[in-house]
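Being a predicted model, the structure only gives us computed values, none of them experimental. All residue numbers refer to positions in the sequence shown, counting from 1. Just so it is clear, the values below take in all heavy atoms, side chains as well, and ignore hydrogens, waters and symmetry mates.
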Amino acid sequence: MADRSTQMKNSINQKLVETGEKERLKDMLRQRLTECGWRDELKEHAKDIVRERGLQQVTVDDLVKEITPQGRDLVPDTVKRELLAEIKNFLAAQSL
């Protein structure tokens, strides 16, 4: 079952890439995350980590490990729903 799911996911991703829709969705997502303050909030969190641990003690990997889960959690539900709706609309149009 997972193999079929992986194949479907890969097929959808390929369509998104081939049509340029993936780049358009990424641009839309970047814009929405900037508009809602998500990027600024994560930047401040990264600065807090560096201040707390000291610049010489923090690696990029440390920051990514620390920030990634929070970044996912902080994406507003409205942005998630908008992105999902855009993907659904794209897939519906591809079926025609």
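- One hydrophobic cluster holds both Val58 and Leu55 under the rule that ILVMFWY side chains link at heavy-atom gaps under 4.5 Å.
- Residues Leu29 and Leu91 are members of one and the same hydrophobic cluster, defined by side-chain heavy-atom contacts under 4.5 angstrom among Ile, Leu, Val, Met, Phe, Trp and Tyr.
- Side chains of Glu66 and Gln70: no donor on one and acceptor on the other come within 3.5 Å.
- The two residues Leu74 and Leu42 make their nearest non-hydrogen contact at CD1-CD2, 4.1 Å.
- Side-chain contact between Glu41 and His45 is absent, with no heavy-atom pair separated by less than 4.5 Å.
- A salt bridge links Glu82 with Arg32: at least one charged nitrogen is closer than 4.0 Å to a carboxylate oxygen.
- A salt bridge between Lys65 and Asp62 is absent, with no side-chain N of the basic residue lying under 4.0 Å from a carboxylate O of the acidic one.
- Residue Val64 is tested with Thr68, Ile67, Asp61 for a side-chain contact (heavy atoms from CB on, under 4.5 Å); the sole match is Thr68.
- Hydrophobic clustering (side-chain heavy atoms under 4.5 Å, transitive across Ile, Leu, Val, Met, Phe, Trp, Tyr) keeps Met8 apart from Val17.
- Under the 4.5 Å side-chain criterion, counting only non-hydrogen atoms from C-beta, Phe90 is in contact with Thr19.
- Residues Leu83 and Ile87 meet the side-chain proximity criterion, which asks for heavy atoms closer than 4.5 Å.
- Both Ile12 and Met28 sit in one connected hydrophobic cluster of ILVMFWY residues. Membership requires side-chain heavy atoms under 4.5 Å apart, directly or through other members.
- The number of heavy atoms from other shown groups lying within 6.0 Å of CD (Gln56) does not exceed 12.
- The existence of a salt bridge linking Glu21 and Arg24 is confirmed by a sub-4.0 Å separation between a basic side-chain nitrogen and an acidic carboxylate oxygen.
- With hydrogens and angles disregarded, no donor-acceptor distance shorter than 3.5 Å links the side chain of Ser11 to the backbone of Gln7.
- In this structure, Arg39 places its CZ atom where only 12 or fewer heavy-atom neighbours from other residues, nucleotides or ligands lie under 6.0 Å away.
- Atom-to-atom distance recorded for Gln94:CD and Asn89:CG is 11.5 Å, nearest 0.5 angstrom.
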